[in-house]
Protein chains: 2
Amino acid sequence: MKILVVEDEPKTGIYLKQGLVEAGFVVDLVENGLDGLHLALTEAHDLAVLDVMLPGIDGWQVLQGIRRAGKDIPVLFLTARDQLEDRVKGFELGADDYLVKPFAFSELLARVRSLLRRGGKAKESEFLRALDLELDLLRRRVTRSGKRIDLTAKEFALLELLLRRQGEVLPRSLIASQVWDMNFDSDTNVIEVAIKRLRIKIDEGFEPKLIRTVRGMGYVLEITD
Amino acid sequence: MKILVVEDEPKTGIYLKQGLVEAGFVVDLVENGLDGLHLALTEAHDLAVLDVMLPGIDGWQVLQGIRRAGKDIPVLFLTARDQLEDRVKGFELGADDYLVKPFAFSELLARVRSLLRRGGKAKESEFLRALDLELDLLRRRVTRSGKRIDLTAKEFALLELLLRRQGEVLPRSLIASQVWDMNFDSDTNVIEVAIKRLRIKIDEGFEPKLIRTVRGMGYVLEITD
DNA sequence: CTTCAACTACCAGAATTTTCATGTCTCTCT
DNA sequence: AGAGAGACATGAAAATTCTGGTAGTTGAAG
């Protein structure tokens with residue numbers, strides 16, 4: 001399996017290549033869009049990994065070029081968190097998947113494999129919703145009633161868990177292991193404190209309240225009118 | 001497979017039971033050492049999970065009772081981080097494995113399965129060493145030249161990684177993914193900062209220096225005389 | 001032997017997360 | 001209904017971790 005990687009930042013590019021090679025792929029690495037496009041058109045790759053932000057022509061333009069030439073290989077985009085803003089809509093048109101930096105290498109590998117297996121179109125669902133609360137997984141952003149809400153990493157992870165299992169009462173032990181990785185201790189109240197912070201941000205000033213405490217059981221996010 | 005759980009704190013006990021039942025085990029849960037011992041002697045369990053700290057007779061005494069009665073079932077101990085101090089040596093005598101709270105439930109499950117599979121004796125190696133630097137995985141403590149050093153969670157994780165792969169140059173990308181879970185960003189210097197903090201704690205005031213920077217490659221922990 | 005550029009180190013302020021002490025609520029038992 | 005216990009909420013300090021800027025080092029190129 002041969003993969004084309006277009007990434008201008010050498011450090012990142014080298015690590016990408018190294019990791020993919022270790023995983024058993026053949027990798028062509030180039031540092032700018034023009035070379036990338038050229039290589040994509042002259043060589044036969046099974047997949048392309050494109051950084052969006054590239055000097056000269058950007059990843060998006062490279063994709064256009066590839067598609068215009070009639071090549072239908074799956075394309076995985078890499079985007080920095082903030083470059084993303086007004087570009088997202090564009091992705092609908094042609095990218096097969098994207099990853100927001102920073103990401104774990106294992107994540108990249110998983111997506112690459114999934115794209116190769118399924119021959120493209122692996123896009124994940126990008127939003128989680130409950131009423132007027134919306135969580136944008138791609139941009140890692142949250143809004144309620146259209147109003148943007150800034151969450152920290154832990155808060156986001158907690159809310160994501162609650163939203164993914166909407167309606168289920170999640171015991172503390174589950175929350176602890178999911179959001180805090182390690183945990184099975186009882187003499188701490190990190191969870192309560194985190195829930196409180198989250199409530200202040202997503203429930204305070206809004207109706208109805210979405211996070212409910214179930215005494216003796218845990219917490220649920222559910223729509224109670 | 002039937003498991004005996006002896007845990008006095010109801011919350012923890014219930015979660016343990018719940019989790020183990022979900023994993024397909026039959027679970028007897030009791031809240032004190034005496035009941036635990038009684039049940040262990042009258043019923044046939046395949047494994048026992050004992051909290052060390054119990055009202056009345058403690059986990060250790062329960063184990064003794066079980067062994068005296070000639071029962072040879074594997075025993076997994078649960079210990080709080082600080083109760084551990086002067087008890088550890090005792091474990092050599094009869095416990096098959098132990099887990100320090102707080103721990104991830106998945107961790108417990110893994111150990112339970114391993115004990116059941118191998119029919120006991122799954123003890124992990126508990127120390128990592130390099131010269132006069134010693135890292136005690138069980139107690140999560142570090143000493144250099146006998147002098148105790150307090151490390152934070154991240155510092156510990158970083159040092160553990162360096163020690164486990166002693167002599168290998170670890171590229172930043174590897175460190176980032178191992179210690180920081182998510183990561184593949186270049187515009188951050190968390191790693192440098194963490195290395196610096198770690199150096200201050202384990203290398204400053206000692207000789208030789210153990211952590212070495214390999215320019216352009218990463219960091220190694222190695223013994224250079 | 002200089003100079004430059006790329007790395008790495010260092011520092012301090014900011015943000016996040018945890019801990020701890022205390023307050024409030026809810027259920028149970030009388 | 002009232003007392004007590006356990007569970008949860010709250011607030012604020014403490015600890016940890018991250019960010020961004022600046023300084024120092026090193027190796028390569030001239």
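The analysis underlying the following values was restricted to heavy atoms, covering all of them including side chains, and did not include hydrogens, waters or symmetry mates. Chain letters run A, B, ... following the sequence lines, proteins first, then strands; residues in each count from 1.
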Using OP1 and OP2 only, check whether a side-chain N or O of Y219(B) sits under 4.0 Å from dC7(C). no
Specify the separation, in whole Å, of atom CD1 of I200(A) and atom P of dT10(D). 7 Å
Just jot down the side chain to side chain donor-acceptor pair (under 3.5 Å) partners of K196(A), sequence neighbours excluded, or say none. none
Residues in side-chain contact (heavy atoms from CB on, under 4.5 Å) contact with E192(A), at least two apart in sequence or another chain: R172(A), N189(A), Y219(A)
Among V142(A), L128(A), V179(A), side-chain contact (heavy atoms from CB on, under 4.5 Å) partner for L159(A): V142(A)
Taking the side chain as C-beta and beyond, is there a heavy-atom pair between L151(B) and L158(B) under 4.5 Å? no
According to side chain to side chain donor-acceptor pair (under 3.5 Å), who are the partners of E155(A), at least two apart in sequence or on a separate chain? T152(A), R197(A), K201(A)
How close or far is atom P of dT17(D) from atom CZ of F156(B), stated in whole angstroms? 13 Å
Residue set satisfying salt bridge (charged side-chain N to carboxylate O under 4.0 Å, His left out) with R129(B), at least two apart, ordered chain then number -> E134(B)
List in chain and number order the residues that pass side chain to side chain donor-acceptor pair (under 3.5 Å) with D132(B), two or more places apart in sequence or in another chain; answer none if no residue qualifies. R144(B), S145(B)
For T152(A) and dT17(C), is the shortest distance between a side-chain N/O and OP1 or OP2 below 4.0 Å? yes
All N/O pairs under 3.5 Å across the protein-nucleotides 28-30 of chain D interface:
none

I211(B) has an atom CD1; how far is it from atom C1' of dA9(C), in whole Å? 14 Å
For atom CD1 of I195(A) and atom P of dA7(D), their distance in whole Å: 17 Å
Between P on dT8(C) and CD1 on I175(B), what's the gap in Å once rounded to a whole number? 11 Å
Distance below 4.0 Å between K196(A) side-chain N/O and dA9(D) OP1 or OP2: no
With sequence neighbours left out, the residues meeting salt bridge (charged side-chain N to carboxylate O under 4.0 Å, His left out) with E160(A) are R140(A), R164(A)
With the side chain of R215(B) defined as its heavy atoms from C-beta on, choose the nearest nucleotide among dC8(D), dT8(C), dT17(C). dT8(C)
First encountered from the 5' end of DNA chain D, between E192(A) and K201(B): E192(A)
Table of protein N/O atoms under 3.5 Å from nucleotides 18-23 of chain D N/O atoms:
{"residue": "dC18(D)", "atom": "OP1", "partner": "W180(B)", "partner atom": "NE1", "Å": "3.1"}
{"residue": "dC18(D)", "atom": "OP2", "partner": "W180(B)", "partner atom": "NE1", "Å": "3.0"}
{"residue": "dT19(D)", "atom": "OP2", "partner": "T188(B)", "partner atom": "OG1", "Å": "3.3"}
{"residue": "dG20(D)", "atom": "O6", "partner": "N189(B)", "partner atom": "ND2", "Å": "3.1"}
{"residue": "dG21(D)", "atom": "O6", "partner": "N189(B)", "partner atom": "ND2", "Å": "3.3"}

Interatomic distance where CD1 belongs to I191(A) and C1' belongs to dT10(D) [whole Å]: 17 Å
If I take atom CZ in residue R172(B) and atom C1' in nucleotide dA9(C), what distance separates them, rounded to the nearest angstrom? 10 Å
For E204(A) and dT10(D), give me the distance from atom CD to atom C1', rounded to whole Å. 12 Å
Got a sec, which residues hit side chain to side chain donor-acceptor pair (under 3.5 Å) with E204(A), two or more places apart in sequence or on another chain? none
Output yes when at least one side-chain N/O atom of R199(A) is less than 4.0 Å from OP1 or OP2 of dT10(D), else no. no
